[in-house]
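Each remark here refers to the structure printed beneath this line.
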Amino acid sequence: MKIGVTLSGGFVKGVAHIGFLKALEEKGIVPSVVSGASAGAVVGLLYCAGFSPEEILEIAKTTKWRELAKPCLRGGFFKLSGLEAKLKELIGDITFNELKIPLTVTVINLKTLKVEFINYGKVIKPTVASCSVPPLFAPVKIGKNFYADGGIRNCLPAEAPKAYGCSLNICSNANTPSKKFNPNSILDVSLRASLAGILENQESRHRYCDIMVSYKFNYSQFDFSKVEEFFYEGYRKTLKAIEGFEKWL
């Protein structure tokens with residue numbers, strides 16, 4: 001059976017995807033293909049390049065997050081040049097074809113405003129572009145075009161594994177609304193409004209998910225001190241979610 005895995009965006013909450021992959025491995029589930037947006041693209045890239053969930057978690061725990069973004073003020077407040085350098089340090093400037101598991105990442109072409117599914121050529125720039133949510137992060141130039149966060153229009157690219165012919169697609173969703181927010185905080189209100197759009201574009205992809213694992217967090221997506229909590233939430237919820245499906249896997 002061809003099994004696909006889809007990893008949503010979610011910024012630091014995307015660490016839950018690492019726990020998700022750990023749980024799948026413990027049950028002997030190895031994906032045939034992986035698709036991801038934003039944080040899911042980064043986790044997916046490292047996993048498809050051959051890093052174990054434990055190794056990816058260690059990278060998340062030891063990375064100095066503030067070093068991933070540098071002040072820019074051209075197209076965004078920051079640019080993710082540090083993330084690009086970190087990924088090159090970890091896996092080299094490889095192509096999609098050199099990955100151990102096929103990977104597809106989503107980006108937005110800022111000229112056409114259309115979603116593009118990228119699974120060819122060099123892998124790092126499209127992955128960084130998939131994380132470059134405007135106006136926080138500047139877009140990434142690839143060829144003659146500029147690209148931004150794929151999650152703007154497709155934060156759960158579940159159709160990609162189905163296009164590969166996967167009969168089972170297991171989706172990890174780190175974008176769930178918290179009941180807690182501060183209506184007097186400009187940041188909280190902005191993030192809440194942004195999440196509403198993300199949920200809308202994700203819901204249209206639910207029909208491509210055979211198993212959906214969603215997480216409930218009481219922490220902000222910018223809470224870098226809760227990496228391990230995000231990981232274990234992904235791990236626990238995934239083990240529970242696949243219990244009833246084990247006989248089919």
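Index from 1, following the sequence.
Using a 4.5 Å heavy-atom cutoff, the side chains of Arg205 and Thr6 are not in contact. You'll find the side chain of Ile108 stays beyond 4.5 Å of the side chain of Asp149, heavy atoms only. Between Glu233 and Val15, the closest side-chain pair of non-hydrogen atoms is not below 4.5 Å. Contact check for Leu24 versus Pro31: no side-chain heavy atoms found under the 4.5 Å cut-off. Counting only heavy atoms from C-beta outward, the side chains of Ile170 and Phe20 approach each other to under 4.5 Å. Using a 4.5 Å heavy-atom threshold, the side chains of Phe96 and Pro102 count as separate. Tyr164 has its side chain within reach of Thr104: a pair of non-hydrogen atoms, C-beta onward, lies under 4.5 Å apart.
Looking only at distances, a side-chain donor or acceptor of Ser8 sits under 3.5 Å from a matching main-chain atom of Ala174. The backbone N or O of Val107 sits nowhere less than 3.5 Å from a side-chain atom of Ser130 that would complete a donor-acceptor pair. Remark: the backbone N or O of Ile242 is not paired with any side-chain donor or acceptor of Lys27 at under 3.5 angstrom. Under the 3.5 Å distance criterion, the side-chain polar atoms of Asn175 are matched with a main-chain donor or acceptor of Gly9. Between the side chain of Asn169 and the backbone N or O of Asp210 there is no donor-acceptor pair closer than 3.5 Å. The backbone N or O of Lys79 lies less than 3.5 Å from no partner atom in the side chain of Arg74, so there is not a single donor-acceptor pair. Side-chain atoms of Ser35 come within 3.5 Å of backbone atoms of Pro157 as a donor-acceptor pair (strictly under, hydrogens ignored). With Ser132 contributing its side chain and Ala148 its backbone, the two residues share no donor-acceptor pair below 3.5 Å.
Aromatic ring orientation, Phe230 versus Phe217: perpendicular (interplanar angle above 60°, classes split at 30° and 60°).
Glu159 CD to Leu156 CG: the interatomic distance, rounded to the nearest 0.5 Å, is 8.5 Å. Annotation: the span from Leu46 atom CG to Leu99 atom CG amounts to 10.0 Å, rounded to 0.5 Å. Atom-to-atom distance recorded for Ile198:CD1 and Asn154:CG is 11.0 Å, nearest 0.5 angstrom. Atom NZ of Lys13 sits about 8.5 Å away from atom CG of Asn173, to the nearest 0.5 Å. Note: Thr238 OG1 to Ile29 CD1 = 9.5 Å, rounded to the nearest 0.5 Å. Summarising the geometry, atom OG1 belonging to Thr176 is positioned 8.0 Å from atom CG belonging to Leu199; distances are rounded to the nearest 0.5 Å.
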Could you walk me through whether Thr127 and Ile118 satisfy the side chain to side chain contact (heavy atoms under 4.5 Å, CB included) test, starting with their C-alpha distance in whole Å, then the side-chain angles of each, then the deciding distance to 0.1 Å, before giving a yes or no?
CA-CA 9 Å; Thr127 301; Ile118 301 184; over 6 Å; no
Please lay out, stage by stage, how Cys72 and Phe137 fare under the test side chain to side chain contact (heavy atoms under 4.5 Å, CB included).
CA-CA 8 Å; Cys72 177; Phe137 301 122; over 6 Å; no
Evaluate Ile91 against Ile124 for side chain to side chain contact (heavy atoms under 4.5 Å, CB included), listing each step before the verdict.
CA-CA 9 Å; Ile91 67 173; Ile124 290 179; 4.2 Å; yes
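Phe51 and Leu87 fall within a single hydrophobic cluster, where Ile, Leu, Val, Met, Phe, Trp and Tyr are joined by side-chain heavy atoms under 4.5 Å apart, directly or via other members. Under the 4.5 Å side-chain heavy-atom criterion for Ile, Leu, Val, Met, Phe, Trp and Tyr, Val33 and Val42 are members of distinct hydrophobic clusters. Both Val133 and Val12 are assigned to one and the same hydrophobic cluster, defined by single-linkage of ILVMFWY side chains at heavy-atom distances under 4.5 Å. Both Ile59 and Phe11 belong to a single network of hydrophobic side chains, linked directly or stepwise wherever heavy atoms of I, L, V, M, F, W or Y lie under 4.5 Å apart. Following chains of ILVMFWY side-chain contacts shorter than 4.5 Å, one can reach Val140 starting from Phe78, so the two form part of one hydrophobic cluster.
A search for side-chain contact (heavy atoms from CB on, under 4.5 Å) contacts involving Lys122 returns Asp93, Thr95, not counting sequence neighbours. For Glu229, the side-chain contact (heavy atoms from CB on, under 4.5 Å) partners are Tyr219, Lys226, not counting sequence neighbours. Taking Lys111 as the reference, Asn109, Asn145 meet the side-chain contact (heavy atoms from CB on, under 4.5 Å) condition, with sequence neighbours excluded.
Within 6.0 Å of OH on Tyr232 lie no more than 12 heavy atoms contributed by other residues, nucleotides or ligands. Applying the 6.0 Å contact sphere to CD of Glu203 captures more than 12 heavy atoms from other residues, nucleotides or ligands. When the shell of 6.0 Å around NZ of Lys240 is examined, it contains 12 or fewer heavy atoms from other residues, nucleotides or ligands. For Lys237, the NZ atom sits in a packed shell: over 12 heavy atoms of surrounding residues, nucleotides or ligands are nearer than 6.0 Å.
Looking at every heavy atom in both residues, Ser32 comes nearest to Ile101 through O-CG2, 3.6 Å. A pairwise comparison of heavy atoms in Lys100 and Ala49 identifies CE-O, 3.5 Å as the closest pair. In plain terms, the two heavy atoms of Ile211 and Ala241 that are nearest each other are CG2-O, 4.4 Å.
No option in Ser167, Cys166, Cys171 other than Cys166 meets the side-chain contact (heavy atoms from CB on, under 4.5 Å) test with Pro161. Each of Glu116, Lys125, Lys141 was compared with Tyr147 under the side-chain contact (heavy atoms from CB on, under 4.5 Å) criterion, and only Glu116 meets it.
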